[in-house]
Amino acid sequence: MVKSVIAKTHQQALQALHDRPHAIVAGGTDMLIQNRSHTGMAIGYKKSVLYINLIESLNYIRDDENHIYIGANTRLETILRSNKTPAILKKIIYEMASPAIRYTATLAGNIANASPAGDSLLALYAMDSLVEIQSVKQTRKLLVSDFIQGVRKIDLSSDEMITEIIIPKEQFTCVSFKKVAPRQSDAISKLSFAGLARVKNGIIEDIRIALGAVFITVVRHREIEEKYLGSTIDAIKDQADNILKDFDPYIKPIDDQRSNRHYRKQVALNLIKDFIIQL
Amino acid sequence: MKDISKSINKVDNDVKMSGQADYVADLEMENMLYAMTKRSPIAKGKIIKIDYPELPENYYIIDHKDIQGKNIVKVIFDDWLVFTDKEVNYIGEPLMLVIGPNKEKIVDIINHIHIVFEEEKPLFEWKDSVLDYHFEKGQGSQIFDAADHVIKKTYTTGYQEQAYIEPQGFLGYPEGNKVTLIGSIQCPYYVKNAVIQALDETQENVRIIQATVGGAFGGKEEYPSLIACQLAVAVKKIKQPIKLIFEREEDMSVTTKRHPSKTHFEAAIKNNQLIGLRAHVGIDAGATIGLSGVVLSRALLAVSGAYTVDHLDVSGDVYRTNTVPNGAFRGFGAPQMFFAVDMFIEHVAKALQEDPLTFRMNLLAKQGDKTSTNGIFRDPILMPEMIEKAIDISHYKEKLNAYKQAGNYKGIGMSLFFHGCGFTGSGEKEIIKAKVRLKKAYDKVYILVAAVDMGQGVKTTFRKLIAYILDIDIEQVVFNNPDTDYVPDSGPTVASRTMMIVGGLLARAANTMKERWTEDCLTVEKAYEQPDYIQYDEKNFVGDAYPAYSWGVNVVEVEVDPVTYQVDLKKSWSVYDVGKAIDERVVLGQADGGLAQGLSYGYLEVMNHQKGKIMQKNMTDYIIPTAMDMCDMETHLFENPYAYGPYGAKGVGELTLIGGAAAVAKAIENAIDKPVYKIPVTPEYIMELMQDDND
Amino acid sequence: MTMINFKLNGIKKTIETDPNRRLLDVIREDFKLTGPKEGCGEGECGACAVLMNGHIVNSCSVPLANVDEQAIVTIEGFSKTPQYEVIKDAFAEAGGVQCGFCTPGMIIATQSLLSHNPHPSDEEIKIGLSGNLCRCTGYNLIIKAIKIAIKKGEGLW
């Protein structure tokens, strides 16, 4: 018999997870669809369900000198409206889904869903964000890029939950996001691109590129980015084709009902090139 | 005398806006059971045996064995089974209903029904031609002997899913010996006649009622007859109310869609003039023919588009494949053909190095010209003035030239089209034989027809029409949702016939009633009389296929993103001649909605199957436009009253969808400077076209 | 079975039921309010939209569990407000209702938009409607309706 727990406190949630494995439901916009049965029937979960959406203590955005801290229960719309939110994450949330979904879905939920097409993940990968994971026994932090291991695969034990997302504060002079979807809203991306750069006195101090829906997880390779740190803007523009060659082997999209691999790959490369040329 | 076109508030606004309107899923009855369908998982095979689980009390399985009448759904071609019995021909083919009080239990039973199939090799290629048509005009194929050269092109169109926001469904219940069904339908009498046949019942013992319909667009023209027959068989046996509502994925996977098409055109050219056309149209019927023959006919009749071509050699085939059966969708063959022909004529002009607009205007059909089947365009055709208007409001010529500049990915395109109003040929006279009834009871007048308001506003426009003629208040006119126990068969709500034909009959009835207005209670009935001039030989495609034509011009401006190849619709301008608008705002609403569907048929809506399985089966994967995708639309109406339509009205419902695909395809061509041969013109296809350059 | 307490159209309700049920089903079946509709079952079409604590949510994707101690307003409740009167007249004037199936959701979206942003730009209006699909109107007359509502409802939002 599937049991459900509606946690009102953080501790209650952790205790429930300690007692037995639960499917964790925050807003529900992914979980209810993925597990649904039929009209009029209760959602067909295969294990007990832990509802965390009412835990107010996990609904926050805070910051200090070096980091932004977003609670697991914070809705996308709240994050969009906060002046603490980094520009890249705002740009992404602005184009995600629809108002109804933005009022309901959580950033932590997006991470736990670990979809290769998850738009918000681009910002988190590009900003070297971390997740805080808690159980009754311990608290640990790891990079989102380590937490997500594959398609819907995450490094989360059955007694653990995401409690916070931590984003290091960085200044960028160029912030670019492109969502390539079948239509202009309310759509899953065919592919997506995030580009960040900090250019000072014509020198690339930092550059970060992340691509979504072209592999089983977000594509980001610091070792490629590092090759071009310290370049002048002109020099990096000359190198645009080499940058594409660097990324090429890591862009391995699939054919599906939304698009095909040729389009995804070509457009991903076009977007990288376009970003470089516009620096 | 007030102008009838002047808009009034729609009579059903309040009940719909407040959430009070009853769509079929909103209805409930005591002791109601639910029905769900068990379907074929394979595309082709024989049923060898079926193992059933033990059924608890009050749970039933209804299948072909329960059919007392014919196991055929009455659609034009008798090849649609109510419940498949021996062999399956498409994934999703319905085999039986499982019925009971609890859905969890029904799902469990369905999962435990084990069917053993002998799988056979399905056919997906267009090889099995089940219907073929051919006709000629003028010298026909011989004109090609006179040609100095021939230009050949092929155009393809994909599926289009109606995607009405309300899925299909019925609530069926017994009333004594009667089986009554309330459903989301376009054609109460189609459903009634189908159910009578399946149950082998009498007229009195089948009753069909229209619930409020949440969009239909042709998708609820013939398909509901299938569900109704299945449910009626169940209700007759079980004698309890049963509700059957499709969920979205089921609806999208198994209901009829617009026929995919492939049109091959050849133009006979002599002295740089187009002297003749040859065309072959193939459409994919899916697993059953149903009404595919009529869809093909309508496509073939539109073969020369908005143009007059004296010599035609026209043929077409309906192909049967092991895929979901295709059926009616707003336009009914015309959208496929107008995309192909309007693109082709433009491509021919470019090949001849002529200005496409001048070329097309010179070819435009004129009053008195012969149609593709040697009928006559008897009524004035205002297309030259309509085109001038469209050019003027859109700045078409300036933009066309400006956007030709390289490095600029903006484009503008114009489509020219018509729609034949009403049933093809003698359908009204021979098959439908529409009847309407107006009943006066003191100060109230009741409209008794089978016409369905599916959003196109007929509840408002019919009441308005009668009120105007009788010079009474619209509040005195009553028009309830059709119930076959109370209304005569005025025919189906299809083919853009509702205002022109049924409204025309109602107008005649109202005029008769007006003369006898002093009588307290009176009933006037009118039956369709075909104007003598409509003579059509359906078999040989000769004569006047339609009594009247509505005409249209669409102009759309786009911008293509050279990095992502995506299309942004900037704005559209349309001009239509629908004779006379019975309510201008209603017609403008239809214009916007039809154009949105036509445009997105042209660039956005993708549906394909893989080995017979529909790949886009929900609203996430089948992409229709959102508010952010649609552009501003400017629409102008030209008046051109038709003698036999009420106040001069002709057909509206389908016209506004016909031209969108060609307009947007041409705009994209103009933007990327590459010819387009298929729709939808997706970013993936645009990329292919633009990359061709680099090879 | 769990006890869920919430406000429905301004009135306190308590229901003891499976918290894994969708809010849409509870509204339609237990409370017999059929204004919110099922168009897609996956949070894509917006026909099921209701207001939760004043903003739009898709009730087909909200578990009843998450509604505990929250305030839900369906089109039935909203249709008793002065804001609805303005929106209703605006939709009629613009011609923004055809089959009507998307309409309650569109009206909920309008209220959610205007209550957070009383003077939206054209782009912001489109964003406000971006989660509500309509197949009949092509959206322009709905956008026109919202602009009329903004003008005529000055001070209400």
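In the text below, chain A, chain B and the rest are named by the order of the sequence lines, each starting its count at 1.
- Between Asp186(A) and Met628(B) there is no side-chain heavy-atom pair separated by less than 4.5 Å.
- To the nearest 0.5 Å, atoms CD (Gln566(B)) and NZ (Lys178(A)) are separated by 5.5 Å.
- A salt bridge does not link Arg36(A) to Glu247(B): none of the charged nitrogens lies less than 4.0 Å from a carboxylate oxygen.
- Counted within 6.0 Å of NZ on Lys153(A), heavy atoms from surrounding residues, nucleotides or ligands total 12 or fewer; the atom is thus considered open.
- Interface remark: Ile188(A) contributes side-chain atoms only to the contact with chain B (heavy atom separation under 4.5 Å).
- Within the 4.5 Å cutoff, side-chain heavy atoms of Arg183(A) are placed close to those of Ile624(B).
- Between Ile623(B) and Pro182(A), the closest heavy-atom pair is CG1-CB, 3.4 Å.
- Per-residue heavy-atom pair counts under 4.5 Å with chain A were compared for Asp568(B), Asn608(B), Asp629(B), Thr682(B), and the maximum is reached by Asp629(B).
- Contacts between Ser259(A) and chain B at a heavy-atom distance below 4.5 Å involve backbone atoms as well as side-chain atoms.
- Within a 6.0 Å sphere centred on CG of Asp108(B), heavy atoms belonging to other residues, nucleotides or ligands number more than 12.
- Using modelled atom types, one side-chain atom of Tyr263(A) and one backbone atom of Thr564(B) make a donor-acceptor pair closer than 3.5 Å.
- Under the 4.5 Å side-chain criterion, counting only non-hydrogen atoms from C-beta, Pro683(B) is in contact with Lys190(A).
- The distance from atom CD of Glu688(B) to atom CG of Asn260(A), rounded to the nearest 0.5 Å, is 8.0 Å.
- Rounding to the nearest 0.5 Å places CZ of Arg258(A) at 8.0 Å from OG1 of Thr620(B).
- The shortest distance between side-chain heavy atoms of Val107(B) and Met41(A) falls below 4.5 Å.
- With a 4.5 Å cut-off on non-hydrogen atoms, Glu250(B) does not touch chain A at all.
- For the residue pair Gln257(A)/Asp621(B), the side-chain donor-acceptor check at 3.5 Å is satisfied.
- The candidate with the highest count of non-hydrogen atom pairs below 4.5 Å against chain A, out of Gln610(B), Glu104(B), Met619(B), Met615(B), is Glu104(B).
- Contact of Val563(B) with chain A is made through backbone and side chain together, with heavy-atom distances under 4.5 Å.
- Atom CZ of Arg264(A) sits about 11.5 Å away from atom CE of Met687(B), to the nearest 0.5 Å.
- For Met607(B), no part lies near chain A; criterion is any non-hydrogen pair under 4.5 Å.
- Contacts between Ala268(A) and chain B at a heavy-atom distance below 4.5 Å are absent for every atom of the residue.
- The choice from Val180(A), Ile33(A), Thr39(A) that makes the most heavy-atom pairs within less than 4.5 Å of chain B is Thr39(A).
- The environment of NZ in Lys103(B) is crowded: more than 12 heavy-atom neighbours from other residues, nucleotides or ligands sit within 6.0 Å.
- The CD atom of Glu684(B) sits 13.5 Å away from the CZ atom of Arg261(A) when rounded to the nearest 0.5 Å.
- Nearest heavy-atom pair, Pro562(B) versus Asn270(A), reported as atom, atom and distance to 0.1 Å: O-ND2, 4.3 Å.
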